[in-house]
Structure formats: C-alpha cells, structure tokens
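Quick notes on the structure that follows.
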Amino acid sequence: MLEIARIREEKENIIEGLKKRNTDFSEKINGIYNTDAAWREVKKELDEIAAESNKIAKEIGQLFKEGKQQEANAAKEKTNLLKEKEKAAREKEASLAEDLQKRLYEIPNVPSSKVPNGKTPEDNEVARTGGNVPALPETAMPHWDLAKKYNLIDFEMGVKVTGAGFPFYYGKGARLQRSLINFFLDQARDNGYTEVLPPFVVNQDSGYGTGQLPDKEGQMYHCEVDDFYLIPTAEVPLTNMYRDVLLNENDLPIKVTGYTPCFRREAGSYGKDVRGLNRLHQFDKVEVVHIEHPSKSYETLETMVAYVEGLLQKLELPYRVLKLCGGDMGFTSALTYDLEVYSAAQKKWLEVSSVSNFETFQANRLKLRFRDKDGKNKLAHTLNGSALALPRIMAALLENNQDETGIRIPKVLVPYTGFERI
RNA sequence: GGAGAGAUGGCAGAGUGGCUGAACGCGCACGCUUGGAAAGCGUGUUUACAGAAAUGUAACGGGGGUUCGAAUCCCCCUCUCUCCGCCA
C-alpha cells in the first residue's frame, strides 16, 4: 500500500510513475487525494468539537468541586447539542477513513525508475544470459514423457487422489525433489540466511500484510471454516513474522530463508503451458526474504539476483535474467527480475525465480519499521526471491541432461541424491 | 470442547471515574565523565491530524454503551495464558 503522505506530497509523480503499468491511475489517485482532503477537514472539525466538549467537562468538574450544583447542571445542558454534532462528525470521519483505506488497497506499487517500459512479457529486458543449451539427441523427450519412462512422477495418480496439478513423485523422482530442497537450503544457509520452517497456512491479516489480499483473493485456497489461506509462497509467512515489528537500525539487514510447498489455484490457466510440471496447484519452493535499510535495498536486489544466478550455474542449467517491464510486474513490486531456464526438449524458457524489491509497499501494510539514528521510526524495505521454485528446475534438469540411456544428475546434487544417473 | 485469568508505550509493569499520553524500571539516543570501555550522572525517547508556532485533538486488544467527563464502570467480539477433556 502506498503511503498516504506520499500521495499528498507528490501526487503527480505517482500518477506519472504508475503510467509504466499501462493503466491510467490519475482518476483513482485524484479520488484518494480528494477523499483524504475531505477526511482531514472532517477530522479538524471533530477535533474542534472535542476540544470544546473537553473544556466544558473540565468546567463542570470544577463547579461540582465548588459545590455549585445548579451552575453545573446548566452547563450540562450545553453539552447535549455538542454531542449530536460530535456523533455526526464522527460517523462521517469513520466512513471517509474506511473509504480511503479501501481505495488505497487498490493501488499497485509505483514502478522504480529503473523499470523498462512495456506491456507484455515480450517487452521484458534481457539483462544477461548464462550456461549452454545442450545438443539433444533426435530421440529427446519432454519431461512428462521422461517422468513416465523412468517412473519418476505420476500425474494421473494425482488426478485420481486430488485433481489436476497435484502430481505424485516416486523413487528417484521423489529423491531428486528432496535433494533439490536440501541443496537450496544449504546454499542459502552458506550465504547467511537463517533457515525458517513456517506454517503453510496463514490468517487473513497475513494475506493483507504481503499484498496477496485483496488483489489475489481468487488465487489462494481458502479454508472458510477457520478463515485461513493456504500459502501461495513462503514469502507470506516469512515476511509476516515481521508484521507490527519495530526493529533497531542495526538489526538490519534481516535475511531468512524457508522451504514450503506453495498452493495456487491458477484460476483461468489452461492450454499447453500447463503440461507436466510447467504449472501446478501445489509445488515446492525455497524462498529468500530480506528486510533492508531503504538506502541499501537496490544494491541488495542485485546481490539477490546474483545469488540465484549462482544456483543455476551450479546446476549447470542454461538461463537468462530478465528485468520485467512495467506491464508484466506484480502488484506489489517496484522492480522485479525474473530468472528463466531453458528447457531444451520443450524448446522454451521457463520462469524459475522472481526477485523483487517492494520498497515500503509491504512494510506500510505490515507496519514494519525500524528506529533510525535520530530515534525516528521509518518503514523498512522488503525484498524476496525464489531460490528456487522446484518443478521447472526439475523439468529442465530431466530434459537437458537426458541421453539414450538415461538422465545425468549435476555434480553438486550427487551428494544429496546418492545416485549419478537415473 | 468445559472452567478460570488476562490484553496498557520498544520491553517489563503500575494505574479502578476528572490532577494519567500514561508512574518506577529496562532498553535505546545524545551529552558529561574516561587514555579507551564499563559504571555513574544529566537530557531525551509513540503515532496520526490541524497549526508558522505555542498548542489542540485522537489512540491503553477491537467494537458498542453508561457519564458533563472512561485506560478505569457495563455489554459484545477477538486473541493469549492456566487447569480439565480429547488427540499426533
């Protein structure tokens, strides 16, 4: 959520900045600006009434002490009128405040000046590429066929037991999955992240805290009886640990990592993109989260991208780093890098990580602040990134490393899997 | 699921109707002191809105009520803790 103070101070800049999202927010922002002005006006009026009431109340108290019953009772009469006025003003103030809050929730983050212009994924900027695309034999298969051939993953069993998008992993497939999780967590630990194993279900406040609500209501699985949401990413519990927290400046930066399954309804997705492991309702992911000093967050974003890139290099996967254009960026982000791996049999790029700086957008909702040197409380910056999302890594590993007799496991994973080939 | 207790500032914890935006302590910041540090001493230390400022107003889990006046009394809700039951 944008800070209302920013809209007061630099309304035009915000409208201009939001144009990168290819939507004109001038009407909404102006609406917020005017609602805020109206709210302040009513608040002022309410304050004046309250000041008057307080003054009279004090006088009455004094009169009672002095034993002047009659004068006190006369003064009481005066307050009746004030009370009515106060009630009306209070109702107006509350409804304006609520309206303002609701409207603010609907405004996405302002893209950073570094964000490229553009509307669709085609407009994303390729920052760099790495690794080599393997030369596959004629007989190369997409991962869903490989999964079947070597009995690694059973998609139909998932359909039977749960539904589409909930696969079963077997034998070496399950081992490889678990190995990747451990590899990613160990790498994160070696890079200074504290490992956290959070709940996989969160309450509504947490959904609002990181911005999934109200924007993505329909994308999360909702347990209505308890009003809990299945997490779509570990970002939600990991970041919400710091909701309503006041940190000391020297607590920063905070670096946490966590493995969780992620649950996404993916309402509206269909077609060949969803084949095999490409898009699932439940998948595993290791996430890294940073809480940073505002002056360092962009520097940190680059180091996070470099970290994720290093993981892909260790896994010997061909990849590219994209700087997302304004039209393709998420609601809460100010700047996002996507990392994609090349899946050689499908002959396409698959997104395996998204690394974002949210600046104060989440912190404002979370009330995540730190006390700076002058004793002032300031909003911190939050950042996070996938490091990494498993299914598409699995898909690329299977496809890119296949030969006529099996599938090769990258060297770094062998200590985890206990086998070198499938 | 049953019974009881509680929710106050960054933390801990007083406060049962006006003198309490809130004692005392801890923490934190700055200053003094010191060769340096610790200790000690002093000052300061929530946020929002209005105002040039002085200052005013609001907020003591959330909502409603009583009252001229509520952190304090009443009602509802949420959450936490303890005991009992059930259970991995």
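Everything numeric in this text was worked out from a predicted model, so none of it was measured.
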Notebook entry, point to check: Looking only at atom P, what distance separates B:A58 and B:G64, rounded to whole Å?
Noted result: 15 Å
Check: Where are the stems of RNA chain B, defined as at least 3 consecutive Watson-Crick or wobble G-U pairs with both distances under 3.5 Å?
Finding: B:1-7 with B:78-84, B:27-32 with B:40-45, B:46-50 with B:55-59, B:61-65 with B:73-77
Next item on the list: Report the distance from atom CG of A:L100 to atom C1' of B:C49, rounded to the nearest whole Å.
Entry: 13 Å
Notebook entry, point to check: What nucleic acid atoms does A:K76 come within less than 4.0 Å of, heavy atoms only: base, sugar-phosphate, or nothing?
Noted result: base
Next item on the list: State whether A:E309 and A:R128 are salt-bridged, where the test is any N-O pair (Lys NZ or Arg NE/NH1/NH2 against Asp/Glu carboxylate O) under 4.0 Å.
Entry: yes
Polar atom pairs (N or O), protein with nucleotides 56-60 of chain B, under 3.5 Å:
residue, atom, partner, partner atom, Å
B:G56, N2, A:D47, OD2, 3.1
B:U57, OP1, A:N54, ND2, 3.2
B:U57, O2', A:D47, OD1, 2.6

Item checked: Donor + acceptor pair across side chains of A:T257, A:E195 (<3.5 Å) -> no
Contacts table for residues 178-187 of chain A: side-chain donor-acceptor under 3.5 angstrom, sequence neighbours left out:
residue, atom, partner, partner atom, Å
A:S179, OG, A:R175, O, 2.7
A:S179, OG, A:Y416, O, 3.3
A:S179, OG, A:T417, N, 3.4
A:D186, OD1, A:R189, NH2, 3.0
A:D186, OD2, A:Y416, OH, 2.7
A:Q187, OE1, A:K314, NZ, 2.7

Notebook entry, point to check: When all nucleic acid strands are considered with a 4.0 Å heavy-atom cut-off, which category describes A:K83: base, sugar-phosphate, or nothing?
Noted result: sugar-phosphate
Check: Counting only non-hydrogen atoms, which of residues 195-210 of chain A are less than 4.0 Å from RNA chain B?
Finding: none
Item checked: A:E359 side chain to A:Y298 side chain, donor-acceptor N/O pair below 3.5 angstrom -> yes
Notebook entry, point to check: Is the backbone of A:L277 close enough, under 3.5 Å, to the side chain of A:R392 for a donor and an acceptor to pair up by distance?
Noted result: no
Notebook entry, point to check: From A:L2 CG over to A:E10 CD, what is the distance, rounded to the nearest 0.5 angstrom?
Noted result: 9.5 Å
Next item on the list: Round to the nearest Å and state the distance from A:E3 atom CD to B:A48 atom P.
Entry: 11 Å
Margin query: Side chains of A:K172 and A:Y150, heavy atoms from C-beta outward: is any pair under 4.5 Å?
Written below: no
Next item on the list: Identify, with sequence neighbours excluded, every residue that meets salt bridge (charged side-chain N to carboxylate O under 4.0 Å, His left out) alongside A:E316.
Entry: A:R408
Interface polar pairs with nucleotides 9-12 of chain B, N/O, under 3.5 angstrom:
none

Check: If you measure from the C1' atom in B:A14 to the same atom in B:G6, how many Å do you get, rounded?
Finding: 16 Å
Check: Among B:A50, B:C68, B:A48, which nucleotide sits nearest the side chain of A:R40?
Finding: B:A50
Notebook entry, point to check: At under 4.0 Å between heavy atoms, what does A:R8 touch on the DNA or RNA strands: base, sugar-phosphate, or nothing?
Noted result: sugar-phosphate
Checklist line | A:L317 side chain near A:V352 side chain, heavy-atom distance below 4.5 Å | finding: no
Next item on the list: List the steps and the verdict of ring-ring contact (aromatic ring centres under 6.0 Å, His included) for A:Y193 and A:H290.
Entry: CA-CA 9 Å; A:Y193 290 94; A:H290 275 248; 5.3 Å; yes
